[in-house]
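Residues: numbered from 1 along the sequence shown.
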Amino acid sequence: TATFGNGAVTVSAISLQVDLTRMGDEEYADRLKLLFQDGTEYIIQDDGIINRLFHVGSSDGSEVTFMMNRLVDVDQIASVIVNDVQLTRDQ
């Protein structure tokens, strides 16, 4: 498991969770992408592309979890894009 953007995003091998309260003005997570250290990317969802099995949100709408349709090597993720915000890995 790794966190990005000061804890705004948590990624495991099978899921990605966005804490919208830590994303500033973002109310939705419409565009999600993982950028890997080797330069490749995995689009979870973006403008009609859906590479997830399902998503579920908290009852207050502050968090949403996306179940990805494949396993990812968390150690190889360089950054995460939520909408148009690129988030770097937390130390």
Side-chain angles (χ1 to χ4, degrees):
T1 302
T3 59
F4 298 81
N6 295 318
V9 174
T10 303
V11 181
S12 74
I14 60 171
S15 67
L16 179 145
Q17 182 179 49
V18 180
D19 182 344
L20 294 168
T21 64
R22 294 175 179 246
M23 289 295 301
D25 294 335
E26 303 295 327
E27 295 180 18
Y28 305 103
D30 294 325
R31 178 177 179 227
L32 299 169
K33 186 186 298 186
L34 303 179
L35 303 176
F36 293 93
Q37 295 172 7
D38 66 1
T40 60
E41 61 184 39
Y42 171 45
I43 299 170
I44 299 169
Q45 70 178 30
D46 184 16
D47 195 31
I49 298 171
I50 299 176
N51 289 317
R52 59 173 168 74
L53 300 174
F54 62 88
H55 68 280
V56 61
S58 60
S59 61
D60 65 359
S62 64
E63 293 180 344
V64 61
T65 301
F66 298 84
M67 182 66 67
M68 296 181 280
N69 66 357
R70 71 172 212 195
L71 294 173
V72 297
D73 184 349
V74 175
D75 294 332
Q76 296 303 312
I77 300 171
S79 61
V80 176
I81 294 177
V82 178
N83 299 332
D84 292 320
V85 180
Q86 186 167 352
L87 306 168
T88 58
R89 180 183 287 268
D90 296 341
Q91 298 302 321

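The list of ring-ring contact (aromatic ring centres under 6.0 Å, His included) pairs with a residue in residues 6-34, not counting sequence neighbours, is empty. Listed by first and then second residue, the ring-ring contact (aromatic ring centres under 6.0 Å, His included) pairs that reach into residues 63-91 are His55-Phe66, sequence neighbours excluded. Among residues at least two apart or in separate chains, there is no ring-ring contact (aromatic ring centres under 6.0 Å, His included) pair with a member in residues 7-27. Within the structure, no pair that satisfies the salt bridge (charged side-chain N to carboxylate O under 4.0 Å, His left out) test touches residues 49-58, not counting sequence neighbours.
Checked against side-chain hydrogen bond (donor to acceptor under 3.5 Å, both in side chains), Ser15 has the following partners two or more places apart in sequence or in another chain: Ser12. Legend: residues meeting salt bridge (charged side-chain N to carboxylate O under 4.0 Å, His left out) with Asp84, ordered by chain and number and at least two apart, are Arg31. Asp19 is linked by a side-chain hydrogen bond (donor to acceptor under 3.5 Å, both in side chains) to Thr21, Arg22, counting only residues two or more places apart in sequence or in another chain. Judged as a side chain to side chain contact (heavy atoms under 4.5 Å, CB included), and not counting sequence neighbours, the contacts of Val56 are Thr65. Taking the side-chain hydrogen bond (donor to acceptor under 3.5 Å, both in side chains) definition, one finds that Asp90 meets it with Thr3, sequence neighbours left out. The side-chain hydrogen bond (donor to acceptor under 3.5 Å, both in side chains) check on Thr40 picks up Asp38, with sequence neighbours excluded.
Atom CD of residue Gln91 and atom CG of residue Asn6 lie 10.5 Å apart, to the nearest 0.5 angstrom.
A continuous path of Ile, Leu, Val, Met, Phe, Trp and Tyr side chains, each step under 4.5 Å between heavy atoms, connects Phe54 with Ile14, placing both in one hydrophobic cluster. Neither Val82 nor Leu35 shares a network with the other; the hydrophobic side chains, linked directly or stepwise wherever heavy atoms of I, L, V, M, F, W or Y lie under 4.5 Å apart, form separate groups for each.
Counting only distance, with no hydrogens or angles, the side chain of Asn83 and the backbone of Val85 share no donor-acceptor pair below 3.5 Å. A donor-acceptor contact shorter than 3.5 Å links the side chain of Gln45 to the backbone of Ala29. Panel note: side chain Glu63, backbone Gln17; no donor-acceptor pair is recorded below 3.5 Å.
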Let me see the working for Asp46 and Leu32 under side chain to side chain contact (heavy atoms under 4.5 Å, CB included), right down to the final yes or no. CA-CA 6 Å; Asp46 184 16; Leu32 299 169; over 6 Å; no
Could you walk me through whether Leu16 and Leu34 pass the side chain to side chain contact (heavy atoms under 4.5 Å, CB included) check? CA-CA 10 Å; Leu16 179 145; Leu34 303 179; 3.7 Å; yes
Scan the side chains in residues 67-80 for donor-acceptor partners under 3.5 Å anywhere in the protein, sequence neighbours excluded, and list what turns up.
residue, atom, partner, partner atom, Å
Asn69, OD1, Tyr42, OH, 2.7
Asp73, OD1, Asp75, N, 3.2
Ser79, OG, Gln86, NE2, 2.8

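With a 4.5 Å cut-off between side-chain heavy atoms of Ile, Leu, Val, Met, Phe, Trp and Tyr, the cluster of Ile49 takes in Ile43.
Dense packing is recorded around CG of Asp60, with more than 12 heavy atoms of other residues, nucleotides or ligands lying under 6.0 Å away.
Side chains of Val11 and Phe4 form a contact here, defined as non-hydrogen atoms less than 4.5 Å apart.
Contact detail for Leu87 and Ala8: the closest heavy-atom pair is CD1-CB, 4.5 Å.
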